[in-house]
Each structure stands twice: as C-alpha cells, then as structure tokens.
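The basis for the numbers below is simple: all heavy atoms, side chains too, and nothing from hydrogens, waters or symmetry mates. The chain is numbered in sequence order, starting from 1.
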Amino acid sequence: MTAAACLTQERIWFDKPRYDEAERQFYERMNGPTQPKQDTGANSILQDIARARENIQKSLAGSGGSGAADYGGLTARMKNLELENQSLHNVVEELRSALSKMESRVSVLEKRSTAPTVNGTGPASPQKAPPAPAKQEEEDEDEDYIDLFGSDEEVDEEAERLKEQRLQEYAAKKAKKPALIAKSSILLDIKPWDDETDMAKLEECVRSVQVDGLLWGASKLVPVGYGIKKLQINCVVEDDKVGTDFLEEEITKFEDYVQSVDVAAFNKI
C-alpha cells in the first residue's frame, strides 16, 4: 500500500491549528483580547512587593522632617569642624615660624661662640674683677720688706716656745676632763637549797660581798615552787673592776645558804 492510500484512510485533522487561530481571532474581535490566567503564587508575590513599596513610601514621608533636621545638624557640625581645622592650621604655622626663628638665633649664637681668633683677638670673655688695691699694696710691702737685723734662729725659737705652750695647755685641759667610767647593771637570781633556808640570812651574806666598784641595789623574793623562793637582787658594777664571774664565785662561797647563782639581766649604763 502506498503512502497516499494510507493517509486517505487515517482520521486525522491536520488543519485544526488553523481553525483554532481563526476562532480566537473571531472572539477577540467580538469580546476584546482575552487576558491570560496568572499564577496564584506570582500574584501573591506581586501583592507583597506592592505593600512593601507603600510602607517604604509612608515611612519616608513620615520621617521627612527629622531627616531634614539631622541634615541641618550635620551641616552645622561640619562647618564647626572646618573652622576648628582652619584655626589649628594657623596655630601650627605660627609655631613653625617661631621654631625657625629660634633655630636661626641658636645657629648665630653657636657661630659666635665657636668663631676663631683673628689677629690675636677672640670672642669677648667675662672680665674678672681687679684685685683689691689694699691687698696688692700689702703684698708689695711684704715683698719689699727685708729684715736686715733679724735671724732665723730667733724665729724658730719663738715658734718652738708657742708650740710647747699650746701642748701644755692641751694636756692640762685634758687632765681636768673627767674620764668616762663604763658601768653595768646586773640582776642576779640566787637560789637556796630548800624552803627551810633562812632567806634573810642569805641576803645578808650576799650583801656582805663588798669591793671597790660594786654597789648593791634593791632585792625581792620570787616564788619558785613547792614553797621555795629565790632571791632576786640588783647591783651596779664598774666593768673594769667587777665582773659576773667574780660575783658568782664570791656568792657561791656561802655553801650553807646558796645553791646556785644565775645572771637574769645584764645592761650597760
């Protein structure tokens, strides 16, 4: 079967697009052009955009006054800053000019101080005050004076005599001055054998120790324990004459009353 024969038997409407186009044109002439259907999602987006634009316009319209005020404030501040900047520039220029003048003056002074001498003359130096004329005259008289009748032996004898006299005066003055005597204050703890020891007799024995440079002072009885009391007595001694070893040795000789002797305190006077 040929292709043409096959096509004659098929039930296909090949001219349908042409008829559809003709029908559309007819209805457009009758009712006007048909609007294509828009998507619901696109419509919602467009509506949101429109509302946002309206809100922006309203906010701009409402803040128009404050914006103008802010703009005016910024303008005033910028003008003030410009004025301050200009004044600072002027101050800096003045300082620069003063600094340049000072540098020039310093350089001139340095040149003067370091200028070399010409023809034996140099930079002016401070003048010294002339010596007193009276002193100069005395020195001249001393130089011109010559002792034709004196002798060196007389001068030496006079100097030796004055020296000897001063040494004697110094020795006499030193001899009259009292010599310092080193003294010490000693506090002794003297313990008896037991509570039956006669403490009054013990103190009497202690005070019986009498030597040059020893002076006994106040005393008291101090409880030790179990009814026993020790004798605490103070004395002043001259360091060159009496020592603690001597006192301990002399007091412990009273064996019937004294058990031991201890130095409780030792202070220099």
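The CD atom of Gln86 sits 8.5 Å away from the CG atom of Leu83 when rounded to the nearest 0.5 Å. In this structure, the separation between NZ on Lys79 and OG1 on Thr75 is 7.0 Å, given to the nearest 0.5 Å. The distance from atom CG of Leu202 to atom CZ of Arg207, rounded to the nearest 0.5 Å, is 11.5 Å. For the atom pair Asp20 CG and Gln25 CD, the distance stands at 11.5 Å (nearest 0.5 Å). The distance from atom NZ of Lys201 to atom CZ of Phe254, rounded to the nearest 0.5 Å, is 9.0 Å. To the nearest 0.5 Å, atoms CD1 (Ile228) and CE (Met199) are separated by 10.0 Å.
Ile186 and Val211 fall within the same hydrophobic cluster, defined by Ile, Leu, Val, Met, Phe, Trp and Tyr side-chain heavy atoms under 4.5 Å apart, directly or through other members. If you chain together hydrophobic residues whose side chains sit under 4.5 Å apart, Leu188 and Phe266 fall into the same group. Residues Val258 and Leu221 are members of one and the same hydrophobic cluster, defined by side-chain heavy-atom contacts under 4.5 angstrom among Ile, Leu, Val, Met, Phe, Trp and Tyr. A continuous path of ILVMFWY side-chain contacts below 4.5 Å connects Leu214 to Ile190, so both sit in one hydrophobic cluster. Residues Val222 and Val263 fall into different hydrophobic clusters, defined by Ile, Leu, Val, Met, Phe, Trp and Tyr side chains chained together at heavy-atom separations under 4.5 Å.
For Ser100 against Ser97, the heavy-atom pair with the smallest separation is OG-O, 2.6 Å.
Side-chain atoms of Val106 and Glu103, non-hydrogen and from C-beta on, never get closer than 4.5 Å to each other. Side chains of Val209 and Trp216 form a contact here, defined as non-hydrogen atoms less than 4.5 Å apart. Annotation: side chain of Leu95 is in contact with side chain of Val91 (closest heavy-atom distance under 4.5 Å). Under the 4.5 Å side-chain criterion, counting only non-hydrogen atoms from C-beta, Glu203 is in contact with Ser219.
Tyr257 pairs in a side chain to side chain contact (heavy atoms under 4.5 Å, CB included) with only one of the listed residues (Thr197, Val206, Ile251, Leu231), which is Thr197.
Using modelled atom types, one side-chain atom of Asn55 and one backbone atom of Arg51 make a donor-acceptor pair closer than 3.5 Å. For Asp194 (side chain) and Glu196 (main-chain N/O), a donor-acceptor pair under 3.5 Å exists by modelled atom type.
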What pairs of donor and acceptor atoms, side-chain ones from residues 236-247 against any protein atom, are under 3.5 angstrom apart with sequence neighbours left out?
residue: Glu238; atom: OE1; partner: Lys241; partner atom: NZ; Å: 3.3
residue: Asp239; atom: OD1; partner: Ser184; partner atom: OG; Å: 2.6
residue: Asp239; atom: OD2; partner: Ser184; partner atom: OG; Å: 3.2
residue: Asp239; atom: OD2; partner: Lys268; partner atom: NZ; Å: 2.6
residue: Lys241; atom: NZ; partner: Asp212; partner atom: OD2; Å: 3.0

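With salt bridges taken as basic N to acidic carboxylate O contacts below 4.0 Å, one links Lys253 and Glu250. Between Glu164 and Arg161 there is no salt bridge, since none of the side-chain N atoms of the basic residue sits less than 4.0 Å from a carboxylate O of the acidic one. Using a cutoff of 4.0 Å between basic side-chain nitrogens and carboxylate oxygens, Arg24 and Glu21 are scored as salt-bridged.
Residue pairs meeting the salt bridge (charged side-chain N to carboxylate O under 4.0 Å, His left out) criterion with at least one partner in residues 224-234, sequence neighbours excluded, are Asp189-Lys230.
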